Amino acid sequence: MAVKRNQDRTTGDRPSSGDAAEERRARRAQAAHDRAQRKALAAQEKAEARKQARARRREKRLARLPAWMRDRQTVMLVILSVIAVTLYAVLVPVHAAEYGSPVAFTMLLAAPLVAAPLVSTRQPTLAIILFAASALLMALMVPRDVSLALPWPWSVPMLLAFVVAVVAPTFQHGWRTGLVMFASGTAAGLTAALMLPGFTSGNSLIVTTSVVGGLYLIAVLITGRLRVGHELTRERALTAQEQAKRELVEERTRIARELHDVVAHSMSLIQVQASTARYRVPDLAPQAVEEFDDIAGTARSALVEMRRILGILRTDDHTAELTPQRGIDDIPGLVETTRRAGAEVGLSMAISGDIAAATQIAAYRITQESLSNAVRHAPGSTVTVVVTADEDIVTVAVRNSPVAETAPSSSGHGLRGMRERTALLGGSVEAGPDAQGGWTVTAALPRHPSSPPQKGSA
């Protein structure tokens with residue numbers, strides 16, 4: 001190919017056999033690393049795909065429900081309302097017919113007793129007071145002879161109302177509110193029993209306290225489990241956001257390092273040429289010598305500043321890359337590596353002439369990311385890579401054919417990295433579905449970037 005490596009263009013010499021062997025070893029090591037990374041990414045993608053599939057199925061089931069059923073608070077109010085109406089319809093006849101309580105007072109006191117769980121959604125303290133007072137008065141309205149013959153001070157309907165009155169606040173407001181409701185109801189029943197002369201049987205109190213206390217403990221355990229699950233979901237969302245930010249920063253840092261390598265090499269040549277001008281050019285005027293010295297000093301200062309900025313960008317766990325930066329000449333090797341991984345990839349390259357190193361690096365990275373996306377998100381598709389160049393623009397187009405079922409898409413940091421690379425060079429990138437149902441990524445890069453891109457360029 002007519003395109004040569006940056007090192008060859010600079011020195012004019014072809015690499016030695018030792019350098020070529022070292023480069024081949026570096027390529028093999030990079031290929032092995034890429035294969036291991038692809039396997040790890042594939043396993044991670046499968047696990048993420050299963051999670052996303054479960055989430056989509058859950059969302060579809062929820063979407064088929066009416067709007068009010070998707071609101072947890074509304075569903076809770078409906079359930080408590082149905083329970084309250086049912087208990088009221090049972091409690092009033094039982095106490096009026098079996099316990100001999102006055103019908104009017106029974107209807108009046110049963111309403112706040114069964115409505116206490118509903119009131120607890122907004123006013124838990126008021127609900128506790130209403131339930132305890134209603135339970136005490138309901139028990140005191142029962143005649144003495146009946147209270148000695150039937151379960152008292154807690155009848156079966158009142159026991160069920162007690163259970164709901166304790167469990168509902170526990171789920172809504174936590175174990176403390178449920179415990180206060182349980183203690184208040186138990187105290188109301190015990191007070192009624194102590195106020196009845198000659199009352200000796202405490203079976204109803206024991207049974208009620210045991211049943212309600214056991215259900216209260218179960219509600220506390222379930223509430224704790226739900227709270228932990230909610231916290232885990234929130235932490236996972238926060239972790240995903242932080243991971244996305246970290247990946248974005250790492251991608252930008254890698255781009256900055258690559259640009260440093262390219263620009264620092266050119267600045268070093270400027271400094272060397274300016275410093276040696278007085279020795280290479282005979283009879284150089286003193287003003288010219290001074291000018292060249294100023295140029296060399298400026299180049300050295302720029303190199304120092306660039307190294308300082310790179311030191312800030314470099315993290316503690318980063319290991320400097322020892323392999324040469326990849327360019328357009330390395331795209332065939334990248335395609336061949338992808339083929340060995342099992343993908344069907346076609347390559348067409350029409351490149352001639354000199355191309356800037358930054359453009360070559362960007363073209364290689366865009367091709368690499370596009371191939372990785374095609375292998376991950378469209379397994380089994382046929383991928384075509386086309387690299388062309390004219391006098392001003394280098395075009396990289398990667399297209400994968402349509403497949404029956406695509407893997408779930410990721411967070412989109414690869415596409416964002418492509419756009420940032422092309423924006424730094426003043427180029428553009430387009431990605432999206434094509435007319436045939438496949439996916440195409442097309443990047444247009446300037447052959448020789450000459451000026452920084454305008455703000456907002458894509």
Side-chain angles (χ1 to χ4, degrees), residues 33 36-65 67-77 121-122 124 168-178 218-257 309-319 365 368-370 372-373 375-378 406-421 423-424 429 431-432 456 458:
H33 178 269
Q37 189 175 20
R38 281 196 297 270
K39 290 181 180 179
L41 286 175
Q44 185 178 0
E45 289 287 340
K46 288 181 180 179
E48 188 65 26
R50 287 194 294 267
K51 292 181 181 178
Q52 293 181 0
R54 288 194 297 268
R56 286 195 300 270
R57 288 195 298 268
R58 185 164 55 252
E59 290 176 357
K60 288 180 180 179
R61 288 196 298 267
L62 291 176
R64 289 193 292 265
L65 297 175
W68 66 270
M69 296 185 67
R70 294 195 291 269
D71 185 17
R72 182 177 300 177
Q73 187 70 17
T74 303
V75 173
M76 178 67 72
L77 290 176
T121 58
R122 296 294 181 86
T170 302
F171 277 115
Q172 295 172 350
H173 304 288
W175 64 271
R176 291 183 178 87
T177 305
I218 294 175
V220 170
L221 294 176
I222 296 175
T223 303
R225 177 64 182 86
L226 293 176
R227 185 179 65 255
V228 171
H230 177 72
E231 292 294 331
L232 286 176
T233 302
R234 190 164 62 99
E235 290 298 327
R236 285 171 184 163
L238 293 175
T239 302
Q241 293 178 0
E242 293 298 326
Q243 178 71 11
K245 293 179 182 178
R246 188 176 67 83
E247 290 177 357
L248 180 59
V249 171
E250 288 179 353
E251 179 66 16
R252 289 179 176 176
T253 303
R254 186 172 67 171
I255 294 173
R257 294 192 195 107
I309 295 175
L310 185 65
I312 295 174
L313 293 175
R314 194 178 301 276
T315 56
D316 294 338
D317 57 350
H318 172 73
T319 303
R365 293 299 187 188
Q368 184 183 43
E369 184 64 31
S370 300
S372 299
N373 290 340
V375 171
R376 288 200 304 267
H377 305 314
T406 59
S409 61
S410 59
S411 56
H413 298 297
L415 183 58
R416 189 181 303 174
M418 295 181 200
R419 287 177 175 153
E420 290 185 350
R421 286 179 183 277
L424 287 172
V429 62

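Just so you know, these numbers come straight off a predicted model, no measurement behind them.
- The side-chain heavy atoms of N373 and E369, taken from C-beta on, include a pair separated by under 4.5 Å.
- Note: R236 CZ to E231 CD = 12.0 Å, rounded to the nearest 0.5 Å.
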Original post:
Do Q172 and T177 pass the side-chain contact (heavy atoms from CB on, under 4.5 Å) test, and can you show the C-alpha distance, the side-chain angles, and the key distance before you say yes or no?
Top reply: CA-CA 9 Å; Q172 295 172 350; T177 305; over 6 Å; no
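- Rounded to the nearest 0.5 angstrom, T170 OG1 and I218 CD1 are separated by 12.0 Å.
- Note that OG1 of T239 is 11.0 Å distant from CZ of R234, once rounded to the nearest 0.5 Å.
- The NE2 atom of H230 sits 10.0 Å away from atom CD of E235, with the distance rounded to the nearest 0.5 Å.
- When all heavy atoms are compared, the tightest approach of F171 to T223 is CD2-OG1, 3.4 Å.
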